[in-house]
Amino acid sequence: MRRLIFLLGTIIVLTTVGTSAVLAQQIHIVQAGETLFRIALNYGISLAGLADANGLSAPYLIHAGNQIIIPGPNAPAPNPAAPAGSPQAPASFTTHTVRPGESLATIAARYGVTYLQLASMNSLANPDVLFVGQVLRVPAPAPPPAPVSQPPSQPVSPPPTSPQPAQQTGTYTVRGGDSLAKIAARFNINYFELAKMNGIVNPDILSVGMVLRVPGAPPPPAQPAPAPHESTGPPVTVAPPPVSTANTGGFELGGQALSFAHPGHMHNARMTWVKRQVKWHGEPASNFQHVIDSAHANGFKVLLSVIGEPGAIAANPGGYYQNFANFLGGLARGGADAIEVWNEMNIDREWPSGLISGANYTQMLSAAYHAIKSANPGTLVISGAPAPTGFFQGCSTNGGDDDCYMRQMAAAGAGNVLDCVGIHYNAGIVPPDASSGAPVGSSGHYSWYLPRMMNLYRSFFPTKPLCFTELGYLTGEGIGALPSGFAWASGNTLGEQASWLAGAVHRLRGSGFVRMFIVWNVDSTHWSSDPQSGYAIVRPDGRCPSCDSLRAAMGG
């Protein structure tokens with residue numbers, strides 16, 4: 001639950017990590033049918049080096065649309081045989097004039113490139129700094145591709161396997177519009193496992209008519225509705241499909257509460273969500289049904305932020321991912337409106353050292369997504385939110401900064417297995433519209449500034465909304481002096497907490513790409529080297545000044 005934010009306050013110099021090196025890197029957008037080996041060959045680099053640069057581990061599963069980092073400040077140009085559509089060398093360019101409200105990330109998404117590529121094309125030293133009227137060089141729209149004749153599809157028999165008497169299996173014939181992920185969800189299995197069952201090396205390559213081996217007997221095909229004049233016998237009651245309550249509407253506000261002691265304050269603040277944390281030790285999902293039921297009884301939708309045992313991952317990662325996913329499926333079946341899959345997984349306090357990478361986490365996220373959606377399609381799946389930090393000065397398997405960790409997640413295909421991108425912001429010492437001027441030695445680091453955090457995370461997943469599953473402002477007013485690790489917030493007042501939370505609502509709500517804002521936190525009374533009660537909006541005397549400002553910001 002707690003952050004690495006305090007480390008930012010203890011580092012003398014924290015600049016934006018490796019900006020020049022990052023801008024010198026190339027980004028390759030994976031095309032349908034490509035493998036990591038083929039991409040490595042096209043760029044004249046080793047497969048191992050390419051996998052390491054992207055935090056990928058065997059069997060190197062990549063998917064069309066993934067962003068792959070081509071390592072090295074002087075990476076060679078791609079092989080001429082590289083597939084068309086690779087964004088390293090656009091055929092032609094045009095210009096774009098920056099308008100009010102635009103960021104480099106939103107402009108890049110409009111022209112089909114990453115914000116790092118756009119920064120490199122325009123020699124921008126700081127991608128966060130744009131001004132209205134600035135003219136940028138952007139790729140010109142590509143002409144439509146010529147029609148390509150497709151070879152006839154041929155059914156493919158599954159590879160011979162040893163009989164599995166303990167598990168019934170059936171077959172499924174691929175139809176138009178199918179993907180391996182959709183088929184896997186239909187049969188309640190992880191798509192990595194389905195690929196393995198069928199000896200599929202590249203999960204993006206399926207042919208209509210291909211016959212897949214699947215768990216259990218295939219579900220019966222949907223029957224057409226009878227014509228009005230047909231006699232159908234006795235009436236049959238058919239259960240309606242699940243109705244999503246988590247995915248409806250736009251921006252919503254909530255709070256992380258340790259109890260339901262203050263529902264009146266939360267409703268007054270116009271909160272419709274409550275976040276509760278769950279730690280799984282192997283028990284059944286039914287053990288936490290009371291949390292879901294209590295939230296609903298108090299008039300809130302419930303977001304469960306779920307972590308497990310980091311040490312258990314190291315023993316058998318794949319097996320643990322699936323067991324954890326099955327538990328999350330049970331929570332979704334029990335009515336959880338949203339599930340955050342793990343927490344700050346880029347630090348060794350929450351993920352085993354030696355296995356920390358965005359690619360490894362994405363394997364867990366994929367298993368979780370399919371299990372949750374199979375159990376309850378209406379449950380919102382939110383990715384874990386990395387600790388916002390520059391402490392590690394890059395990414396390694398022992399810990400990583402959130403910028404490169406999120407890049408690893410994007411490269412591994414995380415955008416295909418989430419509904420909302422989790423993000424934390426708890427280092428507020430300037431107003432929520434500020435992008436510079438933090439009164440600390442590391443003031444150049446993006447994590448001090450809400451707009452820069454939003455733009456950065458948006459750039460990795462430009463088509464997905466952001467969910468701030470923790471956003472708060474720390475103040476010791478009325479409680480006591482802050483511990484040394486959090487001394488950076490010593491100047492914050494209770495009035496600023498209320499004003500800045502309201503300002504955050506305006507900024508997030510007006511962005512058009514933030515789905516949820518969970519205030520960290522509502523009611524903690526914990527005060528030690530980790531002063532959680534300093535973030536609480538309900539103060540020790542029972543007052544909640546921020547509740548009034550939040551209500552006003554949400555429209556009264």
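For the numbers below, each heavy atom of this structure counts, side chains included, while hydrogens, waters and symmetry mates do not.
With a 4.5 Å cut-off on side-chain heavy atoms, Pro317 and Asn360 do not count as touching. Looking only at side-chain heavy atoms (C-beta outward), Trp520 and His424 stay at 4.5 Å or farther from each other. With contacts defined as side-chain heavy-atom distances shorter than 4.5 Å, the pair Leu50/Ile70 qualifies. Taking the side chain as every heavy atom from C-beta outward, Met364 and Met345 never approach each other to under 4.5 Å. Looking only at side-chain heavy atoms (C-beta outward), Thr379 and Leu331 stay at 4.5 Å or farther from each other. Annotation: side chain of Trp342 is not in contact with side chain of Leu365 (no heavy-atom distance under 4.5 Å). Residues Asn323 and Trp280 have side chains in contact (heavy-atom distance under 4.5 Å, counting atoms from C-beta outward). Arg276 has its side chain out of reach of Phe288: every pair of non-hydrogen atoms, C-beta onward, lies at least 4.5 Å apart.
Side-chain atoms of Ser511 come within 3.5 Å of backbone atoms of Leu508 as a donor-acceptor pair (strictly under, hydrogens ignored). Ser459 contributes a side-chain N or O that, together with a main-chain N or O of Leu456, makes up a donor-acceptor pair within less than 3.5 Å. A donor-acceptor contact shorter than 3.5 Å is absent between the side chain of Glu340 and the backbone of Leu303. Without hydrogens or angle criteria, Ser374 side chain to His370 main chain gives a donor-acceptor distance under 3.5 Å.
Between Phe513 and Phe461, the ring centre distance reaches or exceeds 6.0 Å.
With rounding to the nearest 0.5 Å, the separation of CD in Gln363 from OH in Tyr321 is 5.5 Å. Note that CG of Asn326 and CZ of Arg333 are 8.5 Å apart. Values are rounded to the nearest 0.5 Å. Separating the CG atom in Leu466 from the CD1 atom in Ile382 is a distance of 11.0 Å, to the nearest 0.5 Å. Remark: Leu418 CG to Ile372 CD1 distance equals 11.0 Å, nearest 0.5 Å. We find the CD1-SG distance between Ile69 and Cys404 to be 8.0 Å, quoted to the nearest 0.5 Å. If you take CG on Asn343 and OG1 on Thr469, they are separated by 7.0 Å, rounding to the nearest 0.5 Å.
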Working note: Asp403 + Tyr446, criterion side chain to side chain contact (heavy atoms under 4.5 Å, CB included); need CA distance, chi angles, decisive distance, verdict. CA-CA 10 Å; Asp403 58 347; Tyr446 58 82; 3.5 Å; yes

Can Tyr457 and Asp402 be said to form a side-chain hydrogen bond (donor to acceptor under 3.5 Å, both in side chains), step by step? CA-CA 9 Å; Tyr457 279 58; Asp402 56 315; 2.7 Å; yes

Under the side chain to side chain contact (heavy atoms under 4.5 Å, CB included) criterion, do Cys420 and Met516 qualify, and how do the steps go? CA-CA 9 Å; Cys420 201; Met516 182 186 297; 5.6 Å; no

Begin with the C-alpha distance, continue with both residues' side-chain angles, and end with the deciding distance and a verdict on side chain to side chain contact (heavy atoms under 4.5 Å, CB included) for Met406 and Val421. CA-CA 10 Å; Met406 294 295 290; Val421 180; 3.6 Å; yes

Are Gln277 and Lys279 close enough, and set up right, to give a side chain to side chain contact (heavy atoms under 4.5 Å, CB included), and what steps lead you there? CA-CA 7 Å; Gln277 289 205 312; Lys279 186 162 186 179; over 6 Å; no

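With no hydrogens or angles considered, no side-chain donor-acceptor pair links Ser357 and Gln408 at under 3.5 Å. Side-chain contact annotation: Tyr172 with Asn198, donor-acceptor N/O pair under 3.5 Å absent.
In terms of heavy atoms, Arg213 sits closest to Met197 at O-CE, 3.6 Å. Heavy-atom minimum distance, Ile356 versus Asn346: CG2-O, 3.8 Å. Pairing each heavy atom of Gly422 with each of Ala385, the nearest pair is C-CB, 3.5 Å. Counting all heavy atoms, side chain and backbone alike, Gly335 lies closest to His296 at O-CE1, 3.3 Å. Of all heavy-atom pairs spanning Ala285 and Gly330, the tightest one is CB-C, 3.6 Å. Across every non-hydrogen atom of Asp337 and Lys301, the tightest pair is OD2-CA, 3.4 Å.
For the side-chain hydrogen bond (donor to acceptor under 3.5 Å, both in side chains) with Ser353, the qualifying choice from Asp348, Thr397, Asn398 is Asn398, the only one to do so.
In this pair, Tyr405 and Tyr361 present their aromatic rings tilted. The plane angle is within the 30 to 60° band. Between Phe251 and Phe517, the angle of the ring planes lies from 30° to 60°, which puts this pair in the tilted group. Between Phe324 and Tyr320, the angle of the ring planes stays under 30°, which puts this pair in the parallel group of the 30/60° scheme.
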